[in-house]
Amino acid sequence: MRPICILLFVVMITSCISNKRINYLQNLSGNEAIELDEFIPYADVDYEYVLQPHDIVEIDFASPDEELLRAFEYQGASAARGARGGGGAAAGGAMDVFYFSGYPLDKNGFVRMPVLGTIKLSGLTEEAARIKVQEAVNVYFKEDVEVRLRIGGIRFTTLGEFQSVGPKIILKNRATIFDAISMAGESSILARKNELFLIRQYDGGTKIHQINLNDRQLLASPFYFIQPNDILYLQPMQIRQIGSGENFSASLQLGLSIITAVMFFYGITSGIF
């Protein structure tokens, strides 16, 4: 009986998940503590997102001459803009409003626009792309036509231990990693929150960064804000291989199941049954 009790104790201890692996934004040992109400400056980021092929940008024009503005719009684009609902986010990929009203970059990074033709925008920041379109407009029209260009929301993808996985859109100019996590329906309790992989596109390539959601220092990290086309991947804990173990009850049930199987196997092999 004693070996069985020891086995049950070991199973419960090893399968229970500590709160230290679940809670967000902890002051982890070895890091300088960040106290409550302490001001946390944002990290200095020397990289600004540049447009990539297949991105979608919203381009608007302003001018006193309304007839002139119609020359820059495809049929239906104005109606699609008017049909946009309020709010800051759209769940999943089903509400990609900019797909209908924005201007997509093709595989070579060019955008096709009425009157102006094709203009290459990939490899440019949002402001540099706006200036390039403005210069193209100035070539054709002497009248004052002001150009506004911005990325059509922040598109990102969630994979792994999220309640909702797949492509998503946040209709904001800036969003934190917790905005993205909350849109994905919070992470599973079995997620490795200390090992969130953030796959980020850069000009000409991709990098994989590892984020620790348990660490309060994340608030001062350059990865606190997500960027368009980010991929967030949460790995499961190894405990998923043997069962859930999400709480004491689940761990006890798991332990009893293992002990029952061991006793049954022992009874068969020893001739008791």
Side-chain angles (χ1 to χ4, degrees), residues 9-49 88-89 91 154-166 168-170 172-202 206-252 254-255:
F9 177 77
V10 170
V11 168
M12 288 190 295
I13 292 298
T14 56
S15 60
C16 288
I17 300 174
S18 169
N19 282 342
K20 291 184 178 181
R21 304 181 69 178
I22 300 174
N23 294 341
Y24 292 115
L25 303 178
Q26 305 170 56
N27 276 319
L28 302 182
S29 60
N31 292 342
E32 183 177 351
I34 299 176
E35 304 301 335
L36 295 178
D37 300 321
E38 179 179 341
F39 179 77
I40 307 171
Y42 295 136
D44 291 330
V45 180
D46 57 1
Y47 173 78
E48 188 175 357
Y49 180 76
I154 300 176
R155 290 165 173 76
F156 66 99
T157 300
T158 54
L159 299 171
E161 294 298 313
F162 290 103
Q163 291 187 23
S164 172
V165 297
K168 294 172 175 55
I169 308 167
I170 297 179
K172 292 182 178 181
N173 293 329
R174 186 171 72 170
T176 70
I177 196 166
F178 291 107
D179 290 327
I181 291 172
S182 63
M183 178 173 285
E186 177 60 286
S187 60
S188 163
I189 197 173
L190 298 179
R192 291 186 179 182
K193 293 184 179 179
N194 62 330
E195 295 183 8
L196 168 67
F197 288 141
L198 187 151
I199 305 169
R200 175 163 291 177
Q201 292 188 19
Y202 294 89
T206 300
K207 292 183 181 180
I208 300 176
H209 306 284
Q210 185 170 310
I211 311 299
N212 188 348
L213 298 175
N214 302 135
D215 192 355
R216 193 171 293 185
Q217 293 288 339
L218 173 61
L219 300 176
S221 163
F223 307 111
Y224 179 54
F225 293 99
I226 64 170
Q227 293 187 358
N229 301 316
D230 277 354
I231 299 174
L232 307 179
Y233 171 57
L234 265 179
Q235 296 185 90
M237 298 181 186
Q238 290 184 353
I239 192 173
R240 179 180 284 280
Q241 298 175 4
I242 58 174
S244 61
E246 297 181 3
N247 48 48
F248 180 80
S249 176
S251 299
L252 181 60
L254 174 63

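Side chains are part of it too, since the values below use all heavy atoms of this structure and drop only hydrogens, waters and symmetry mates. Just so you know, residue 1 is the first one in the sequence shown, and it goes up from there.
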Next on the checklist: Over 60° means perpendicular and under 30° means parallel, so tell me whether F223 and H209 are parallel, tilted or perpendicular.
Outcome noted: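 The rings of F223 and H209 sit tilted, inter-plane angle from 30° to 60°.
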Give me the atom names and distance for the closest heavy-atom approach of [X] to [Y].
X	Y	result
I154	P228	CG2-N, 3.9 Å
A43	S221	CB-C, 3.7 Å
I170	A175	CD1-CB, 3.8 Å
R200	P222	NH1-O, 4.1 Å
A184	F162	CB-CD2, 3.6 Å

Item to check | I177/L196 under side-chain contact (heavy atoms from CB on, under 4.5 Å): CA gap, chis, key distance, verdict | outcome: CA-CA 11 Å; I177 196 166; L196 168 67; 3.5 Å; yes
With rounding to the nearest 0.5 Å, note down the distance linking [atom1] in [X] to [atom2] in [Y].
X	Y	atom1	atom2	answer
I199	I208	CD1	CD1	5.0 Å
Y224	I40	OH	CD1	8.0 Å
D37	F39	CG	CZ	13.0 Å
D230	L198	CG	CG	4.5 Å

Checklist entry - Any side-chain donor-acceptor pair under 3.5 Å between T157 and K168? => result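 No donor-acceptor contact under 3.5 Å links the two side chains.
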Checklist entry - For residues N214 and N23, is any side-chain donor paired with an opposing acceptor at under 3.5 Å? => result no
Side-chain heavy atoms of [X] within contact of [Y], under 4.5 Å:
X	Y	result
L159	L232	no
I211	N194	no
F178	L218	yes
N229	Y49	yes
I231	F156	no

Next on the checklist: Let's go through K172 and D179 carefully: what are the C-alpha distance in whole Å and the side-chain angles of both, what is the deciding distance for side-chain contact (heavy atoms from CB on, under 4.5 Å) to 0.1 Å, and is it a yes or a no?
Outcome noted: CA-CA 10 Å; K172 292 182 178 181; D179 290 327; 4.2 Å; yes
If only atom types and distance count, is the side chain of [X] paired as donor or acceptor with the main-chain N or O of [Y] below 3.5 Å?
X	Y	result
R216	I34	yes
T158	S164	yes
Q217	E32	yes

Item to check | K193, R192, E195 screened by side-chain contact (heavy atoms from CB on, under 4.5 Å) with L213, the one that passes | outcome: K193
Checklist entry - side-chain contact (heavy atoms from CB on, under 4.5 Å) between Y233 and V165: does it pass, once the steps are laid out? => result CA-CA 9 Å; Y233 171 57; V165 297; over 6 Å; no
Next on the checklist: So for atom CD, which belongs to E38, do other residues, nucleotides or ligands contribute more than 12 heavy atoms lying within a distance under 6.0 Å?
Outcome noted: yes
Checklist entry - Step by step, would you call Y24 with I181 a side-chain contact (heavy atoms from CB on, under 4.5 Å)? => result CA-CA 12 Å; Y24 292 115; I181 291 172; 3.8 Å; yes
